[in-house]
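Owing to the predicted nature of the structure, the values given are computational and were not obtained by experimental measurement.
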Amino acid sequence: MIIRYRRLSLAIALVSAAASGQAVAGAFQLQEQSVSGQGTSWAGRSSNVQDGSIVFGNPAGMSFLDRAQVTAGTHYIDASSDISNDSGTQPALTPGGVAVVGTQGSSDGDMIPHKAVPFGYYVQPINDRWSFGLGVYAPFGLVTDYSDDFKGRYFGNYSDLEIITAQPTLSYRFNDKFAIGFGVTYNHIKGELESKSPNPLNPTAAGDGTVNVKGDDDAWGYNIGMIYRPVESTTLGLTYRSKVEYHLTGDVDASNVFGGVGAGGPVFLNADGDASLDITLPETIDFSVTHQLDDRWTVMAGATYIRWSRFDQLVVDNDLGLDINEQQDYRDTWQYAAGLAYQLNPAWTLRGGIAYDQSPVKDAHRSPRVPTADRTLVSIGAGWTPIPDLTIDAAYSYIWEDRADVDLQDENGNSYQAEYDNSLNLFGVQATYRF
């Protein structure tokens with residue numbers, strides 16, 4: 001009964017547990033690696049060479065920076081989720097046998113903590129053709145923290161995922177029109193999941209058990225980029241970010257998890273053990289174009305392909321004897337963006353953009369851990385250069401999603417249905433110093 005009542009998966013904790021509205025891209029992918037890019041909703045990410053953040057956007061772009069520079073900043077995430085029409089069921093033991101009763105609890109939609117996502121880059125020209133760069137950023141991440149009596153707590157109660165990437169990079173410029181770049185990525189992943197387990201003898205939040213999972217790993221990947229300028233006013237960029245394969249190892253901790261009724265009475269599991277999981281985060285291909293219309297106006301557009309379909313089936317090995325085989329069935333997605341910049345005067349640049357991101361989560365597999373749907377974002381931003389050596393950028397984005405319906409049930413009588421309306425305010429500030 002432990003297995004039937006508690007289908008807990010490290011895969012959910014570290015892969016599929018995406019906060020609605022937490023990330024700016026689909027599922028738990030983050031785009032918060034550049035504030036100057038945020039101002040145009042990241043349109044032209046691989047073709048618009050503005051500052052050191054091009055280390056992430058397109059490593060080839062470093063060749064078109066004329067001086068050494070440091071770019072650093074942070075994004076501040078203010079997300080919310082409005083949950084409505086929610087209900088659930090759970091098993092209860094009665095004199096007549098096992099019955100299914102309604103799950104009592106809250107409809108806590110303010111479960112996403114405010115979060116800062118920092119980044120930093122350094123670019124150093126070596127000579128007229130070679131440049132070196134180093135970037136530190138977060139490509140994926142999430143935090144969700146529901147209340148302990150959340151109605152969907154048996155399908156997910158707490159999730160925390162962090163991935164930090166360090167990327168040393170080289171670029172080579174063949175001529176004034178064409179350059180290539182290559183970066184190696186060192187990635188550290190860690191995550192934590194907590195879920196509640198129902199107690200049929202006491203079908204309330206007070207009678208729940210708790211299962212907590214933690215895991216981490218280090219892995220390597222790479223980025224390749226190309227930039228081509230057919231004419232001085234137009235820049236084409238193409239960037240490939242490789243998949244990253246992880247073998248996570250961690251701990252499973254079960255507390256007061258109901259395991260049935262034996263000859264001596266109720267049996268509860270209180271134990272911990274080891275767990276492991278092999279996962280692969282998807283590769284992406286980004287193509288964009290930047291075109292300078294005149295001395296003041298610049299337009300840009302881009303499209304990004306993410307191979308989320310790698311998330312089909314996830315198998316977790318653990319010491320507690322749980323046979324866990326999670327069907328994810330993610331689908332490949334696209335992101336589209338368009339933006340423009342206006343050079344008001346030598347000191348000020350104004351920006352704006354719009355983007356649309358597809359969600360990789362199919363309706364049949366949407367859960368309170370991934371209550372995400374297709375999303376739209378609009379952005380405004382500005383760059384201020386008071387002196388030639390310093391630029392300060394600021395940006396604001398508003399993101400909203402289509403309504404996301406959750407309808408889950410399992411063979412034990414647990415179910416959860418709800419409608420999620422998710423939105424996000426994203427603030428960003430960065431500084432670039434050239435020397």
Side-chain angles (χ1 to χ4, degrees), residues 31 33-71 119 121-135 137 139 165 167-185 221-242 283-294 297-306 335-341 343 349 351 353 355 383 391 393 430 432 434:
Q31 296 206 64
Q33 296 93 19
S34 170
V35 175
S36 54
Q38 179 192 348
T40 57
S41 292
W42 293 279
R45 177 167 44 199
S46 62
S47 59
N48 202 21
V49 182
Q50 302 177 89
D51 49 52
S53 64
I54 197 66
V55 170
F56 173 83
N58 187 338
M62 298 189 307
S63 294
F64 294 93
L65 295 174
D66 58 357
R67 285 194 288 166
Q69 52 195 273
V70 175
T71 297
F119 58 86
Y121 306 93
Y122 170 70
V123 175
Q124 175 66 61
I126 299 173
N127 53 39
D128 292 341
R129 295 186 180 273
W130 288 96
S131 294
F132 169 79
L134 176 67
Y137 53 85
T165 296
Q167 178 188 322
T169 306
L170 284 172
S171 68
Y172 180 79
R173 185 172 64 180
F174 291 90
N175 50 48
D176 291 339
K177 293 186 175 183
F178 183 65
I180 60 174
F182 176 81
V184 176
T185 64
Y222 63 91
N223 294 356
I224 298 174
M226 296 182 291
I227 279 187
Y228 176 59
R229 287 181 170 172
V231 293
E232 185 176 354
S233 60
T234 302
T235 302
L236 306 176
L238 180 66
T239 305
Y240 173 82
R241 298 180 185 86
S242 75
E283 62 267 50
T284 65
I285 300 174
D286 186 285
F287 172 76
S288 64
V289 55
T290 298
H291 179 66
Q292 186 174 354
L293 296 174
D294 53 36
W297 289 97
T298 301
V299 296
M300 57 216 74
T304 304
Y305 171 78
I306 306 100
Q335 303 166 4
Y336 306 97
L340 72 163
Q343 192 71 45
T349 302
R351 305 181 181 101
T391 298
D393 294 286
Q430 78 175 35
T432 298
R434 308 169 186 86

Item to complete: In sequence, state the C-alpha distance, the side-chain angles, and the governing distance for H291 and S233, and then conclude on side chain to side chain contact (heavy atoms under 4.5 Å, CB included).
Response: CA-CA 6 Å; H291 179 66; S233 60; 3.5 Å; yes
Worksheet item: So L65 and I54, side chain to side chain contact (heavy atoms under 4.5 Å, CB included) or not? Walk me through it.
Response: CA-CA 9 Å; L65 295 174; I54 197 66; 4.1 Å; yes
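Judged purely by atom type and a 3.5 angstrom limit, N58 uses its side chain to pair as donor or acceptor with the backbone of S46. Checking side-chain atoms of R173 against main-chain N and O of D128 turns up a donor-acceptor pair under 3.5 Å. Formation of a donor-acceptor pair under 3.5 Å by the T304 side chain with backbone atoms of Q335 is not found in this model. A donor-acceptor pair under 3.5 Å is absent between the side-chain atoms of S171 and the main chain of G181, judged by distance alone. With hydrogens and angles disregarded, a donor-acceptor distance shorter than 3.5 Å links the side chain of T40 to the backbone of G37. For W42 (side chain) and A337 (main-chain N/O), no donor-acceptor pair under 3.5 Å exists by modelled atom type. Q430 places a side-chain N or O within donor-acceptor distance of the main-chain N or O of V35, the cut-off being under 3.5 Å. Checked by atom type and distance alone, the side chain of T165 never pairs as donor or acceptor with a backbone atom of T185 at under 3.5 Å. Judged by distance alone, the side chain of Q167 and the main-chain N or O of V55 form a donor-acceptor pair under 3.5 Å.
In plain terms, the two heavy atoms of Y137 and P139 that are nearest each other are O-CD, 3.6 Å. Scanning both residues, P59 and T239, for their nearest heavy atoms gives CD-CG2, 4.3 Å. For the pair A43 and G339, the tightest heavy-atom approach, listed with the atom from each and the gap, is CB-N, 3.5 Å. G225 approaches A60 most closely through the heavy-atom pair O-CB, 3.5 Å. In this structure, N175 and R129 approach most closely via the heavy-atom pair N-NH1, 4.1 Å. The two residues P125 and S131 come nearest to each other via the heavy atoms CA-OG, 3.7 Å.
Under the 3.5 Å distance criterion, with hydrogens and angles disregarded, no donor-acceptor pair is assigned to the side chains of S242 and E283.
A heavy-atom distance below 4.5 Å is found between the side chains of F64 and I227. D176 places none of its side-chain heavy atoms less than 4.5 Å from the side chain of R229. Here the side chains of T169 and F132 are not in contact, with every heavy-atom distance at 4.5 Å or above. Within the 4.5 Å cutoff, the side chain of K177 has no heavy atoms near those of the P230 side chain. Considering only heavy atoms from C-beta on, T298 comes within 4.5 Å of M300 through its side chain. Residues T391 and Q50 form no side-chain contact, since every pair of their non-hydrogen atoms from C-beta on lies 4.5 Å or further apart. Side-chain contact between R351 and S36: present, with at least one pair of heavy atoms (C-beta onward) separated by less than 4.5 Å. Side-chain contact between F182 and L170 is absent, with no heavy atoms from C-beta onward closer than 4.5 Å.
Between F119 and Y121, the angle of the ring planes lies from 30° to 60°, which puts this pair in the tilted group. Using cut-offs of 30° and 60° for the angle between ring planes, the Y240 and Y222 rings count as tilted.
With rounding to the nearest 0.5 Å, the separation of CZ in F56 from CD in Q31 is 7.5 Å. The distance from the CG atom of L236 to the OG1 atom of T290 is 8.5 Å, given to the nearest 0.5 Å. One finds the OG atom of S47 at 14.5 Å from the OH atom of Y228 (value rounded to the nearest 0.5 Å). Here the straight-line distance linking atom CD1 of I306 with atom CD1 of I285 works out to 10.0 Å at 0.5 Å rounding. The CD atom of Q69 lies 6.0 Å from the OG1 atom of T432; values are rounded to the nearest 0.5 Å. Rounded to the nearest 0.5 angstrom, Q124 CD and W130 CH2 are separated by 15.0 Å.
Here salt bridge (Lys or Arg N to Asp or Glu O under 4.0 Å) pairs that include residues 41-68, with residues two or more places apart or in two chains, are R45-D286, R67-D389.
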